[in-house]
Protein chains: 2
Amino acid sequence: MAKETYVPPTLTVDSVIFQLTNDKLMVLLIKRANEPFKNSWALPGGYIAAGETTTEAMDRVLKNKAGLNSKNLGLIEQLYTFDTIARDPRGPAVAVTYMGLGRNLAESDDKTQHPTFFPVTDLPKLAYDHKDIIAYAHERLKSKLTYTNAIFALLELKFSLSELQTAYEAVLDRSLDKRNFRKKFLSLGLIQPTNEYRQDGAHRPARLYRFHHPGLQTLTRSFD
Amino acid sequence: MAKETYVPPTLTVDSVIFQLTNDKLMVLLIKRANEPFKNSWALPGGYIAAGETTTEAMDRVLKNKAGLNSKNLGLIEQLYTFDTIARDPRGPAVAVTYMGLGRNLAESDDKTQHPTFFPVTDLPKLAYDHKDIIAYAHERLKSKLTYTNAIFALLELKFSLSELQTAYEAVLDRSLDKRNFRKKFLSLGLIQPTNEYRQDGAHRPARLYRFHHPGLQTLTRSFD
DNA sequence: GCAAAAGTGTTTGGGATACACCCATGC
DNA sequence: GCATGGGTGTATCCCAAACACTTTTGC
């Protein structure tokens with residue numbers, strides 16, 4: 001195929017940004033300002049331009065559409081590339097999707113896009129097949145928690161064991177046994193106790209822990 | 001961004017096709033007929049055109065460059081989408097990669113592309129970053145064998161337990177204990193004995209087994 | 001003293017691992 | 001009868017799962 005006559009398909013990037021708020025897993029959505037699906041909620045996404053990498057496009061789109069700096073994400077992972085014949089009413093396209101995990105991410109006050117975090121268990125009606133993409137991302141995240149320490153990206157640098165467990169429970173959407181959880185997680189040797197405690201109401205203060213090493217690690221024994 | 005002025009990046013598809021030959025894991029390569037990397041070995045790949053899905057492009061490229069019909073693959077799985085700034089000397093590009101598994105796939109006698117299966121443990125010098133892509137695919141396949149029945153795509157419909165074990169050993173690149181392997185695999189309840197035996201030399205004939213259900217299944221307990 | 005979350009051990013069952021010999025066949 | 005791969009069982013260890021009470025604090 002000669003370079004001169006080659007026309008590539010439309011290429012887009014969509015991001016599934018998760019964070020925890022009030023012990024619930026939330027996902028970032030924006031309100032579409034333009035057709036198609038004008039005024040529907042959707043994942044932040046946009047075109048990838050020539051000369052741009054997919055991650056550069058993701059950064060740009062997150063900044064422009066949601067006021068979010070990707071430097072504030074603790075972990076970014078590519079999810080899947082969807083063939084989107086009939087997905088975008090404007091015609092066939094290919095969509096590269098990424099998942100981002102963060103903590104204390106702000107909803108910018110963009111009056112056009114209205115970036116807003118919604119609980120994954122209670123989503124509004126979504127544009128395109130974004131509901132499926134979020135479900136796919138959620139499954140990937142659940143799986144990731146069982147064989148890596150990815151949970152760190154959803155937590156503060158220092159955290160109590162109860163916070164850790166609650167984070168797991170929020171993502172996995174089921175309750176875990178406190179004693180077994182602590183025994184198992186501590187035996188993985190990923191976290192260390194600090195000498196700090198957090199006082200947090202009319203009850204015993206919680207010891208704070210931190211991960212030995214920043215960044216993603218694979219677990220020696222798969223969790224759960 | 002206005003539709004009229006939008007120019008997407010170059011989009012390509014590359015395929016990592018695996019099969020077993022003589023108890024070794026082999027990968028399909030072609031000899032590049034054109035620059036860049038003319039005369040280097042490379043994964044079969046090519047451009048994705050507007051109006052074409054990534055899987056359609058994969059099918060077309062496999063057919064044209066390696067004479068391979070994707071219907072002969074037992075399993076096809078998307079691997080990853082690579083940002084390829086500086087990967088293709090002709091400029092930035094995005095490459096969608098797929099892994100395909102098959103059995104008794106022929107090397108067509110194309111005198112230009114010379115499609116040939118090489119042992120993954122003994123690859124020639126490769127164009128682009130295709131060596132890394134093959135390594136990535138191999139890791140994904142190893143992992144996939146531990147939590148799915150993906151091995152079926154590398155085997156005949158009926159197979160002996162020794163063939164099954166040898167296939168696992170070829171992909172995982174390590175030896176397994178025969179008694180434990182059989183006990184474990186049979187306990188998964190995925191395969192059933194047939195009444196057929198295969199005579200295959202000066203020794204006891206091997207009973208043949210088959211999977212209960214065609215297609216990919218997730219294991220109830222992860223293997224290995 | 002009471003409410004509320006933090007913290008802590010033991011028992012049991014199932015599966016992973018390690019390991020060696022007999023069986024059926026061709027020549 | 002011997003070489004070749006097919007086929008089989010047991011003992012041990014570790015880990016997952018189940019399960020309830022004491023501690024520390026604020027009010």
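Since this is a predicted model, take the numbers as computed values, not measurements. Just so it is clear: chains get the letters A, B, ... in the order the sequence lines come, proteins before strands, and each one is counted from 1.
Two residues, A/His203 and B/Leu186, neighbour DNA chain D, and the one matched to the more 5' nucleotide by heavy-atom proximity is B/Leu186. For B/Arg204 and B/Phe223, each mapped to the nucleotide of DNA chain C holding its nearest heavy atom, the one lying further toward the 5' end belongs to B/Phe223. Where A/Asp177 and A/Asp200 each meet DNA chain C at their nearest nucleotide, the meeting point lying more 5' is that of A/Asp200. The residue among A/Ala202 and A/Lys178 whose nearest nucleotide of DNA chain D is located toward the 5' end is A/Lys178.
Rounded to an integer number of Å, the gap from A/Phe159 CZ to C/dA6 C1' is 16 Å. Rounded to whole Å, the distance from CZ on A/Arg179 to C1' on C/dT8 is 8 Å. One can place NZ of A/Lys183 at 14 Å from C1' of C/dG7, the figure rounded to the nearest angstrom. The CG atom of B/Asn180 sits 13 Å away from the P atom of C/dA20 (whole-angstrom rounding).
The environment of NZ in A/Lys184 is crowded: more than 12 heavy-atom neighbours from other residues, nucleotides or ligands sit within 6.0 Å. Within 6.0 Å of atom NZ in A/Lys142, more than 12 heavy atoms from other residues, nucleotides or ligands are found, so the atom counts as buried in its surroundings.
Judged by distance alone, the side chain of A/Gln165 and the main-chain N or O of A/Leu176 form a donor-acceptor pair under 3.5 Å. Between the side chain of A/Gln19 and the backbone N or O of A/Asn104 there is at least one donor-acceptor pair closer than 3.5 Å.
Of all nucleotides in DNA chain D having an atom under 4.0 Å from a heavy atom of chain A, the first and last in 5' to 3' order are D/dA16 to D/dG26.
Summarising the geometry, atom CZ belonging to A/Arg103 is positioned 6.5 Å from atom CG belonging to A/Leu20; distances are rounded to the nearest 0.5 Å.
Distance from the side chain of B/Arg221 is smallest to C/dG15 among C/dG7, C/dG15, C/dA18.
Taking the six-membered ring for Trp and thresholds of 30 and 60 degrees, A/Phe152 and A/Phe211 have ring planes more than 60 degrees apart, a perpendicular arrangement.
Remark: nothing in residues 161-175 of chain B comes within less than 4.0 Å of DNA chain C through any heavy atom.
Residue A/Arg182 places at least one side-chain N or O closer than 4.0 Å to OP1 or OP2 of C/dG7.
When each of B/His138, B/Arg140, B/Glu139 is tested with B/Tyr136 by the rule side-chain hydrogen bond (donor to acceptor under 3.5 Å, both in side chains), just one qualifies, namely B/Arg140.
Side-chain contact check for B/Ser162 and B/Arg182: at least one donor-acceptor pair (N or O, by modelled atom type) lies under 3.5 Å. Side chains of B/Thr54 and A/Asp83: a donor on one and an acceptor on the other come within 3.5 Å.
Remark: the B/Lys184 side chain and the C/dT17 base include no donor-acceptor N/O pair separated by less than 3.5 Å.
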